[in-house]
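Structure record follows, encoded as structure tokens.
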Number of protein chains: 2
Amino acid sequence: MSLRHALLGLLAEQPASGWDLSRRFDDLLGSVWPAGHPQIYGELRRLEQEAFIEVESEGPRRRKAYQVTDLGITEVRRWLTDVEVDHTLRLEAVLRSVFFWLMTPDQLSDHLRREAAYYEAVAAGYRQLAEAKDRGDFGHGPQTQSVRIAAEAGARLNTALGEWATWALNGPTVDANPAEPSGQTESSDHR
Amino acid sequence: MSLRHALLGLLAEQPASGWDLSRRFDDLLGSVWPAGHPQIYGELRRLEQEAFIEVESEGPRRRKAYQVTDLGITEVRRWLTDVEVDHTLRLEAVLRSVFFWLMTPDQLSDHLRREAAYYEAVAAGYRQLAEAKDRGDFGHGPQTQSVRIAAEAGARLNTALGEWATWALNGPTVDANPAEPSGQTESSDHR
DNA sequence: TTACACATGTAACACGTTACATGATTTT
DNA sequence: AAAATCATGTAACGTGTTACATGTGTAA
């Protein structure tokens with residue numbers, strides 16, 4: 001039940017309509033938490049009923065902007081501090097890897113090359129976003145900083161996946177060294 | 001619709017019952033693709049109806065072991081080679097980071113420390129598994145090798161997340177260097 | 001005036017989780 | 001004899017996706 005808290009969190013920044021929120025999910029959050037507009041509108045209706053949000057204004061073409069109530073703010077904060085993080089992750093790419101032995105070597109290397117390229121491109125996108133934030137292109141408010149942290153995750157995760165695909169491509173059996181030379185995390189390693 | 005293909009893939013290794021498959025998801029795949037037993041039994045029924053699998057044997061306490069049919073093998077292979085990978089990922093931890101600004105500095109650093117510890121522990125587990133595979137504790141068959149690759153992903157991803165949390169803890173603003181200096185790609189997109 | 005972006009919603013379906021129910025075999 | 005584990009399933013619910021439906025304001 002993260003969607004409702006995500007919506008509350010976004011509304012804590014500034015009032016927004018279902019449309020706006022839908023956009024923000026597509027642009028920003030979509031890559032870690034996809035949400036289609038039907039789900040968003042539905043959740044907004046429920047959040048309003050439960051008094052976590054209220055209509056702030058009504059605009060042109062029947063746009064309705066919502067804002068969080070105090071109750072809503074309290075609720076996001078409670079979620080952030082008191083509710084255990086759900087660490088479940090869903091990664092089809094890794095699931096598939098368990099079945100790589102069913103592919104021919106040619107199919108597999110083709111696949112891995114595509115994957116590596118994909119992840120590197122995505123990682124580059126996040127790195128650009130991170131740099132823009134660091135340059136101050138979006139100000140230096142606390143919200144911007146939070147997004148900066150999220151972008152860092154996007155960069156690091158996709159970089160890791162790209163490197164993983166490349167590693168797998170070069171035949172892990174040939175290369176005898178394990179997952180990461182053991183040891184603790186030094187700052188920026190690899191690459 | 002990855003569950004059915006995952007089931008076919010697991011059955012391609014060896015015949016197994018719903019119970020066995022449920023266990024393998026819990027132990028092995030659960031961390032990248034969770035599936036409860038009700039879903040598994042349901043999917044098995046459908047797979048049997050569609051002739052992708054068939055009952056191999058019936059054991060004690062009405063255990064039913066299934067095996068893949070040729071049609072089933074063809075279907076997993078088709079999935080692996082012809083169906084685009086769904087790159088959607090779902091990571092509550094990263095979603096939350098967008099709302100870190102709603103937490104007090106104390107709450108946040110406490111949170112990040114826990115997160116870092118969690119990911120490091122999980123990463124260590126995967127590294128152990130990887131080492132065991134490399135030592136040949138499970139033989140050197142192609143299936144083992146695929147699992148080795150999956151374990152590598154688990155190690156790398158969780159290491160990356162642990163490092164991310166540590167990085168975030170040390171105040172990203174203070175540390176001026178971006179996500180990873182390396183190459184810059186032309187105005188890249190992400191999504 | 002036509003097309004496009006804005007804006008909201010419903011309905012049907014697919015997927016996933018939790019709770020409940022049942023019973024057989026093995027271990028203590 | 002009781003408890004634990006093996007083993008399968010149903011029902012209800014919650015979440016997420018796709019397709020469909022509708023209409024408004026703005027720019028070409």
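Proteins come first, then strands; the chains are lettered A, B, ... in the order of their sequence lines, and each starts at number 1. These numbers were taken from a predicted model, which means no experiment stands behind them. Only heavy atoms go into these numbers, but all of them, side chains included; no hydrogens, no water, no symmetry mates.
Closest to the A:Pro34 side chain, of the nucleotides D:dT8, C:dT8, D:dT17, is D:dT17. Closest to the side chain of B:Arg61, from the set C:dA24, C:dT8, D:dG16, is C:dA24. Distance from the side chain of A:Pro38 is smallest to C:dA11 among C:dT17, C:dA11, D:dG25.
As a whole-Å value, the separation of B:Glu48 CD from D:dG9 C1' is 14 Å. As a whole-Å value, the separation of B:Leu7 CG from C:dG16 P is 11 Å. One can place CG of B:Leu3 at 13 Å from C1' of C:dT17, the figure rounded to the nearest angstrom. For the pair A:His37 NE2 and D:dT15 P, the computed distance is 19 Å after rounding to whole Å. In this structure, CZ of A:Arg63 is placed 16 Å from C1' of D:dG23, rounded to the nearest angstrom. In this structure, A:Asp20 atom CG and C:dA5 atom C1' are separated by 13 Å, rounded to whole Å. Between the P atom of D:dT10 and the CG atom of B:Leu44 lies a distance of 12 Å, rounded to the nearest Å. At whole-Å resolution of the value, CD in B:Glu43 and P in D:dG9 are 14 Å apart.
A cation-pi contact, defined as under 6.0 Å to the ring centre and within 45° of the axis, is absent between A:Arg4 and A:Trp79.
A residue-by-residue look at A:Arg46 and B:Gly18 shows that B:Gly18 has its nearest nucleotide of DNA chain D further toward the 5' end.
Contact annotation: B:Arg62 side-chain N/O to D:dA7 OP1/OP2 distance is not under 4.0 Å. Regarding contacts with the backbone of C:dC6, a side-chain N or O of A:Arg23 is found under 4.0 angstrom from either OP1 or OP2. Here A:Ser22 does not reach the OP1 or OP2 of C:dA7: none of its side-chain N or O atoms lies under 4.0 Å away. The phosphate of D:dT8 (OP1 or OP2) has no side-chain N or O of B:Arg45 nearer than 4.0 angstrom. Taking only side-chain nitrogens and oxygens, A:Tyr41 comes nearer than 4.0 Å to OP1 or OP2 of C:dT8. Between D:dG16 and B:Arg90, a contact under 4.0 Å exists linking OP1 or OP2 to a side-chain N or O. The phosphate of C:dG16 (OP1 or OP2) has a side-chain N or O of B:Gln39 nearer than 4.0 angstrom.
Panel note: side chain A:Asp20, backbone A:Ser17; a donor-acceptor pair is recorded below 3.5 Å.
With respect to B:Arg77 and B:Asp82, no salt bridge is recorded, no charged nitrogen being found less than 4.0 Å from a carboxylate O.
Using cut-offs of 30° and 60° for the angle between ring planes, the A:Tyr118 and B:His87 rings count as parallel.
Enclosure of atom CD in A:Glu54 by more than 12 non-hydrogen atoms of other residues, nucleotides or ligands within 6.0 angstrom is indicated.
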